[in-house]
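The structure under discussion appears below in the form of structure tokens.
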Amino acid sequence: MKEVDLFFGPQHPGITGNFSVRVKIDGDTVVKAQAIPGFLHRGFEKLMEMRHWMQGPPLICRICVPDADHSETGYSMAVERLAGIEVPERGKYIRALTLEMSRLSAYLFYFAGYGGSIGLYTIAQWAIGDRDYLLDLYEELTGARVYHIFNFPGGPRWDTPEGFEDRVDKVMDYLEKRLKEYDKLYFNNMVFLKRSQDVAVMKKSYAEKMEVTGPNARATGWAIDVRKDDPYAAYPDLDFELITQDEGDSYARVMQRRLEFQQSIDLVRQITKKLRSMPRGNVRLIPNALHWKIPRGEAYAAVESSKGELGYYVVSDGGISPYRMQVRGPSISHGVQVYEEMIVGQRLADVAALMFSLDVCPPDIDR
Amino acid sequence: MTIKREGSLFSPFRALKQLGKKPHTVQIPKVVKPPAERYRGFHTNDLEKCIGCGNCSRICPDNAIKMVPFPEYAKKEPGSMPLRPQIDYGRCCFCALCVEVCPTGSLQMVKTFTHVDDKKESFVFIPDSKVVHETPDFVLDTKDLRRK
Ligand code: SF4
Ligand code: SF4
């Protein structure tokens with residue numbers, strides 16, 4: 001049969017943002033694919049060299065839109081390591097709270113995206129609607145809904161408002177209740193099962209070879225998680241076990257997020273409980289933002305974002321701005337290298353679905 | 001962990017249970033959801049209290065602040081400058097770094113955040129103590145949006 005070249009994206013609704021894939025199809029089977037990133041290149045890494053250390057977070061949060069706090073925190077941690085400063089105890093817990101809430105809202109986006117890509121639009125509406133309750137909490141804590149600009153080198157900007165922990169717990173109760181409804185409508189849906197089972201199976205050895213991280217790696221049975229391997233913020237004190245599965249197909253990848261969603265709710269509850277019992281007060285060390293110089297050296301810090309390991313490597317020449325900053329984003333492996341290989345042999349209808357199932361975030365490829 | 005894989009054909013009908021439940025959304029403009037206490041919207045600046053030091057303009061990551069001359073404040077105490085910040089809201093990302101470094105506390109942020117105009121110049125102004133668009137800025141008369 002004649003082979004046809006098709007462009008998927010960057011405007012296609014089934015693609016995760018400004019990103020494009022060129023697929024060669026034979027009938028409706030993909031025989032070759034080429035990822036075309038670059039539509040979102042805003043030069044984050046270079047722009048950082050022109051900013052003071054404290055001017056980083058307002059820019060860096062834009063590297064991953066649905067999961068902004070992990071970017072801010074990764075950068076802040078690298079700067080803290082370089083400057084040799086320690087965040088106050090309560091600040092660490094507030095930081096962990098924003099990170100787990102960010103993971104929850106990113107997973108809701110994921111459920112919406114994957115549901116939409118296989119035609120289950122109801123779940124897309126539900127998840128985006130429920131995510132707004134988390135954004136309300138963010139608005140109350142940080143003053144902004146999407147780009148929170150809240151985690152700075154030295155700690156989070158502000159302490160929690162009065163009674164905030166109770167409101168967080170209320171939203172967690174709500175999300176837990178909703179998760180049961182999601183189970184009925186979505187995760188036990190025959191359409192979801194048939195569309196995701198045995199699609200694009202990833203083996204553990206392959207995941208290791210391609211540096212797959214995050215829930216995608218854990219869905220293949222590889223137990224890696226930066227929160228456990230190099231604990232940061234309040235994670236050393238939190239009680240949780242890594243969840244892994246062995247199947248590594250699209251079904252396992254979606255269910256991995258479903259299981260970790262519940263785990264994040266539990267983690268948030270642990271954090272709010274601890275925050276209630278802690279004395280209020282200092283959450284952040286504030287160096288002079290305008291003249292803060294950081295000793296010469298280099299540091300790397302990574303966080304476990306909702307998509308995988310998100311690392312920041314910063315170099316200082318002793319000045320008021322980074323000499324160089326580099327981002328290690330999870331999506332460059334998932335969205336370009338892995339995707340191009342795994343889509344071969346799949347059907348055309350899975351081009352968008354696989355993109356969502358791997359949870360690709362194009363800005364962190366382009367940065 | 002191994003999950004028992006099963007699916008039901010009836011699962012889509014469960015969505016019907018949601019009919020009649022309260023929606024997530026509110027009906028603007030009949031119902032207005034107020035922004036949170038810490039919401040970062042437009043700035044206000046107490047021009048009497050401000051000393052024109054320019055810290056705000058130096059910290060702004062987006063170069064949104066320009067210090068403009070205000071000769072009437074020239075007579076103030078030593079150390080103060082006859083300058084006041086002018087903000088370009090086409091560039092501002094509402095990060096509040098300027099508010100954080102303001103040594104006098106004159107620069108603040110308020111909860112209002114909507115501004116609609118077809119002239120780009122209107123997005124650049126010198127904030128003073130008056131809150132921009134204090135009236136509910138959610139209720140827009142569509143007639144105003146039409147081009148003259
Ligand atoms: S607003 Fe504050 S930081 Fe800006 S010039 Fe006035 S006193 Fe200085
Ligand atoms: S809020 Fe941020 S971007 Fe806006 S004027 Fe202040 S420092 Fe600049």
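Letters A, B, ... mirror the listed sequences (proteins, then strands); counts begin at 1.
Other residues, nucleotides and ligands contribute over 12 non-hydrogen atoms within 6.0 Å of the CD atom of Glu121(B). Summarising the local packing, CE of Met81(B) is surrounded by 12 or fewer heavy atoms from other residues, nucleotides or ligands at distances under 6.0 Å. For Lys170(A), the NZ atom is loosely surrounded, since the number of other residues' heavy atoms within 6.0 Å does not exceed 12. Atom OH of Tyr121(A) has 12 or fewer heavy atoms from other residues, nucleotides or ligands within 6.0 Å.
Separation of atoms CG (Leu97(B)) and CD1 (Ile149(A)) is listed at 7.5 Å; rounding is to 0.5 Å. The distance from atom CG of Asp62(B) to atom CZ of Arg51(A), rounded to the nearest 0.5 Å, is 6.5 Å.
The candidate from Asp246(A), Leu120(A), Thr244(A) with the greatest count of non-hydrogen atom pairs under 4.5 Å with chain B is Thr244(A). Residue with the most contacts toward chain B among Leu193(A), Asn288(A), Leu185(A), Ile243(A): Leu185(A) (heavy-atom pairs, distance under 4.5 Å). Heavy-atom pairs under 4.5 Å with chain A were tallied for Met109(B), Glu100(B), Glu6(B), Arg58(B); the largest tally goes to Glu100(B).
For Tyr133(A), the part lying near chain B is the side chain, with the backbone staying farther off; criterion is any non-hydrogen pair under 4.5 Å. No part of Asp132(A) comes within reach of chain B, as not one of its non-hydrogen atoms sits under 4.5 angstrom from that chain. Using a 4.5 Å cut-off between heavy atoms, Pro57(A) makes no contact with chain B at all.
Under a 4.0 Å N-O distance rule, the pair Arg5(B)/Asp249(A) qualifies as a salt bridge.
Between Asp136(A) and Lys33(B), some side-chain heavy-atom pair lies under the 4.5 Å cut-off. By the 4.5 Å heavy-atom criterion applied to side chains, Glu139(A) and Pro35(B) are counted as neighbours.
Side chain of Arg38(B) to main chain of Leu141(A): a donor-acceptor pair is present (N/O by atom type, distance under 3.5 Å, no hydrogens or angles). Judged by distance alone, the side chain of Glu140(A) and the main-chain N or O of Glu37(B) form no donor-acceptor pair under 3.5 Å.
Contact record, Trp126(A) with His24(B): O-NE2, 4.4 Å, taken as the closest heavy-atom pair.
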